Amino acid sequence: MTVIETLGLPNTRGRAPLIVAQVATPWATGLFLPFAVVYFHRAKGIELTTVGLMLSVAERYRRPRVLQVAAVLFVVSFAMFAAVPGGHSQVAFAGLALGMVVFTVAELLQAPTSSAMIVAIAAEHLRGRYLGLEELMWGVARVMAPTVFTWLLVKGPALPWLMLGLCCLSAVVVLHRLGRVLPADVQRDTVHG
C-alpha cells in the first residue's frame with residue numbers, strides 16, 4: 001500500500017507527475033522566504049528592515065502551461081536575488097524590489113492555478129484530501145527550510161539559490177508531461193451547467 005493509498009486518494013495511476021510537481025514547487029517557493037531573510041541579512045549585509053519590507057492568470061491558458069511559466073519566473077527571481085550585491089543599500093534595495101516583483105507575479109500565477117487544477121483533478125468527495133495534501137507539502141517545506149538552507153549556505157552562498165532553481169526547473173519538466181496526460185476539462189476552467 002502506497003502513501004497515497006493510505007491517505008485515501010484512490011486512482012493514483014497517472015497522478016504521479018502532479019504529486020511530484022506539488023512537492024517540487026513548495027520546496028522551491030516555500031523554502032525561499034525563511035532562507036531569504038537570513039541570506040540577505042547575513043551574507044549580503046542588508047538591514048533586516050529593508051529585507052522585511054521587500055519580503056513582507058489568465059483562464060484562457062492551460063493550467064499546466066501557466067504553472068510552467070510561474071516556475072520559470074520563480075527561477076528568474078531566484079537568480080535576481082542571488083545577484084543582489086552586498087553593501088550598497090540603494091542598489092540592493094532596487095535588486096530586491098525587482099526580484100520581488102518577478103517573484104510576486106510567479107506567486108500570483110502559481111497559487112490559484114495550482115489549487116484550481118487540484119480541485120479539477122479530484123473527485124468531488126476527495127477534494128479536501130487533495131487540497132490537504134498540497135498544504136501538507138507546503139508545511140513540510142517550511143519546516144525543513146531552516147535545516148536544509150543552513151546546511152546549503154554553509155557549503156556555499158550560491159547553493160541554496162541553485163537548489164531553488166533546480167526544484168522549479170524540475171517542476172517545469174514534470175508539468176510538461178502532465179500537460180500531455182490530463183483531460184482538457186482539467187487543464188482549462190470550464191463551466192458545467
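This one's a predicted model, so the numbers in the text were calculated from it and none came from an experiment.
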Working to the nearest 0.5 Å, report the span between [atom1] of [X] and [atom2] of [Y].
X	Y	atom1	atom2	result
L126	I118	CG	CD1	13.0 Å
I121	L178	CD1	CG	6.0 Å
L67	R62	CG	CZ	11.0 Å
S115	R127	OG	CZ	12.5 Å
E107	M100	CD	CE	6.5 Å

Spell out, yes or no, whether [X] and [Y] are grouped together once hydrophobic residues are joined by side-chain heavy atoms under 4.5 Å, including indirect joins.
X	Y	result
V102	V91	no
V75	V173	no
V148	F81	yes
M163	L153	yes
V84	L152	yes

I would like to know whether M117 and V66 meet side chain to side chain contact (heavy atoms under 4.5 Å, CB included); could you show each step before the answer? CA-CA 11 Å; M117 190 165 69; V66 172; over 6 Å; no
How close do [X] and [Y] get, counting heavy atoms only, and between which atoms?
X	Y	answer
A92	P85	CB-O, 3.7 Å
V143	P146	O-CD, 3.4 Å
S77	G99	CB-O, 3.6 Å
F78	W161	O-CE3, 3.6 Å
E134	S114	OE2-OG, 2.9 Å

Show the numbers, then the answer: is there a side chain to side chain contact (heavy atoms under 4.5 Å, CB included) between F149 and L164? CA-CA 10 Å; F149 282 108; L164 290 168; 3.6 Å; yes
How far apart are the C-alpha atoms of L96 and F93, what are their side-chain angles, what is the distance that settles it, and do they pass the side chain to side chain contact (heavy atoms under 4.5 Å, CB included) test? CA-CA 5 Å; L96 285 171; F93 183 82; 5.7 Å; no
Test log, rule side chain to side chain contact (heavy atoms under 4.5 Å, CB included), inputs V76 and M80: CA-CA 6 Å; V76 170; M80 294 170 78; 3.9 Å; yes
With side chains defined as the heavy atoms from C-beta onward, is the minimum distance between L133 and R129 less than 4.5 Å? no
Test side chain to side chain contact (heavy atoms under 4.5 Å, CB included) applied to L162 - qualifying residues, sequence neighbours left out: L159, L166
With sequence neighbours left out, the residues meeting side chain to side chain contact (heavy atoms under 4.5 Å, CB included) with V101 are none
Under 3.5 Å donor-acceptor, S170 side chain and C167 backbone: yes
